[in-house]
Amino acid sequence: MSLSFGGHCLCGAVGFTTQGPSLWVAHCHCQRCQRAHGAAFVTWVGWKAAQVSWQDPQQALHWYLAEATGAERGFCRHCGSPMAFRSPRYPGELHLARALFDGPLDRAPQSHAFYASHVDWVHVAEELPVDEDPPEAS
């Protein structure tokens, strides 16, 4: 059975389709994700980069490079939706923001990453494993 999932940015200029099972789903609490998304945490879905196809006829997908870490964040240059993350720390992977998918996925969130830098103004009730990696590593 082939698994296929899709989604898009707020304005619809950039879409994506994934093929096959996801690698993982996790809530990231690092300060870089907090700032990039303006949120307490971001839920990412990990994929092998080869599993993801972009639909971007207007070439609206733009990548911001954080020179200090070599990590890149993809966003729509039309509506500003933060969409993707890739990093030398996770070679061959592409992380897509869970909220952009059109429907259910093949798995629910499995853990909290970089929880050591979580904000104190949000209390997460679900009990998932916690990864305490320092936020500088993201």
Side-chain angles (χ1 to χ4, degrees):
M1 177 174 115
S2 177
L3 298 173
S4 180
F5 307 100
H8 54 85
C9 66
L10 177 64
C11 72
V14 181
F16 58 84
T17 306
T18 63
Q19 296 295 324
S22 62
L23 299 173
W24 49 264
V25 178
H27 304 300
C28 183
H29 297 265
C30 81
Q31 290 179 346
R32 292 178 191 272
C33 281
Q34 290 169 13
R35 292 185 187 280
H37 291 253
F41 60 91
V42 177
T43 305
W44 291 111
V45 184
W47 302 92
K48 293 178 185 173
Q51 291 176 281
V52 179
S53 298
W54 293 102
Q55 293 84 49
D56 185 15
Q58 300 174 44
Q59 297 183 350
L61 181 63
H62 182 75
W63 291 92
Y64 164 75
L65 171 64
E67 293 183 16
T69 63
E72 295 179 281
R73 293 180 181 272
F75 64 93
C76 174
R77 69 173 78 227
H78 294 301
C79 65
S81 292
M83 300 187 73
F85 175 82
R86 60 188 179 196
S87 170
R89 183 176 182 178
Y90 309 102
E93 287 188 21
L94 182 64
H95 307 165
L96 298 175
R98 171 61 182 97
L100 300 178
F101 284 86
D102 292 328
L105 293 179
D106 60 332
R107 69 184 78 224
Q110 301 160 282
S111 67
H112 292 275
F114 302 102
Y115 195 74
S117 58
H118 74 280
V119 297
D120 61 2
W121 41 269
V122 170
H123 300 283
V124 180
E126 66 184 353
E127 294 184 24
L128 295 174
V130 171
D131 172 6
E132 295 284 353
D133 275 348
E136 295 78 30
S138 60

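When each of Phe101, Trp44, Phe5, Trp47 is tested with Ser22 by the rule side-chain contact (heavy atoms from CB on, under 4.5 Å), just one qualifies, namely Trp47.
Contact check for Cys33 versus Arg73: side-chain heavy atoms found under the 4.5 Å cut-off. The shortest distance between side-chain heavy atoms of His8 and Asp102 falls below 4.5 Å. In this structure, Val124 and His27 have side chains that are not in contact, with every pair of non-hydrogen atoms separated by 4.5 Å or more.
Contact between Pro88 and Pro91 at its shortest, heavy atoms only, is O-CD, 3.4 Å. The two residues Gln34 and Ala40 come nearest to each other via the heavy atoms CG-O, 3.4 Å. Considering every non-hydrogen atom in both Phe114 and Cys28, the closest pair reads CD1-SG, 3.6 Å. Gln51 and Gly20 make their closest contact through NE2-C, 3.6 Å (heavy atoms, listed as atom of the first residue, atom of the second, distance). The two residues Gln55 and Ser53 make their nearest non-hydrogen contact at NE2-O, 3.4 Å. Between Ala13 and Gln58, the shortest heavy-atom contact is CB-NE2, 4.3 Å.
Cluster annotation: Leu3 is connected to Phe16 through the hydrophobic network of ILVMFWY side chains, with a link wherever side-chain heavy atoms come within less than 4.5 Å. Note on Val45 and Leu128: separate hydrophobic clusters, where clusters join Ile, Leu, Val, Met, Phe, Trp and Tyr whose side-chain heavy atoms are under 4.5 Å apart, directly or indirectly. Follow the hydrophobic side-chain contacts under 4.5 Å out from Phe85 and you never reach Leu10; the two are in separate clusters.
A distance of 8.0 Å separates CG in Asp106 from OG1 in Thr18, rounded to the nearest 0.5 Å.
Residues passing the ring pair (Phe, Tyr, Trp, His ring centres under 6.0 Å) test with Trp63, sequence neighbours excluded: none. Residues passing the side-chain contact (heavy atoms from CB on, under 4.5 Å) test with Ala108, sequence neighbours excluded: none. With sequence neighbours excluded, the residues satisfying salt bridge (charged side-chain N to carboxylate O under 4.0 Å, His left out) with Arg86 are Glu72. Every residue meeting the ring pair (Phe, Tyr, Trp, His ring centres under 6.0 Å) condition with His62, not counting sequence neighbours, appears here in chain and number order: Phe75. Listed by chain and number, the residues in a side-chain contact (heavy atoms from CB on, under 4.5 Å) with Val14 are Cys9, Trp54, Asp56, Ala60, Leu61, Cys76, Met83 (sequence neighbours excluded). Remark: His118 engages His29, Tyr115 in a side-chain contact (heavy atoms from CB on, under 4.5 Å) (not counting sequence neighbours).
Looking only at distances, no side-chain donor or acceptor of Gln110 sits under 3.5 Å from a matching main-chain atom of Ala26.
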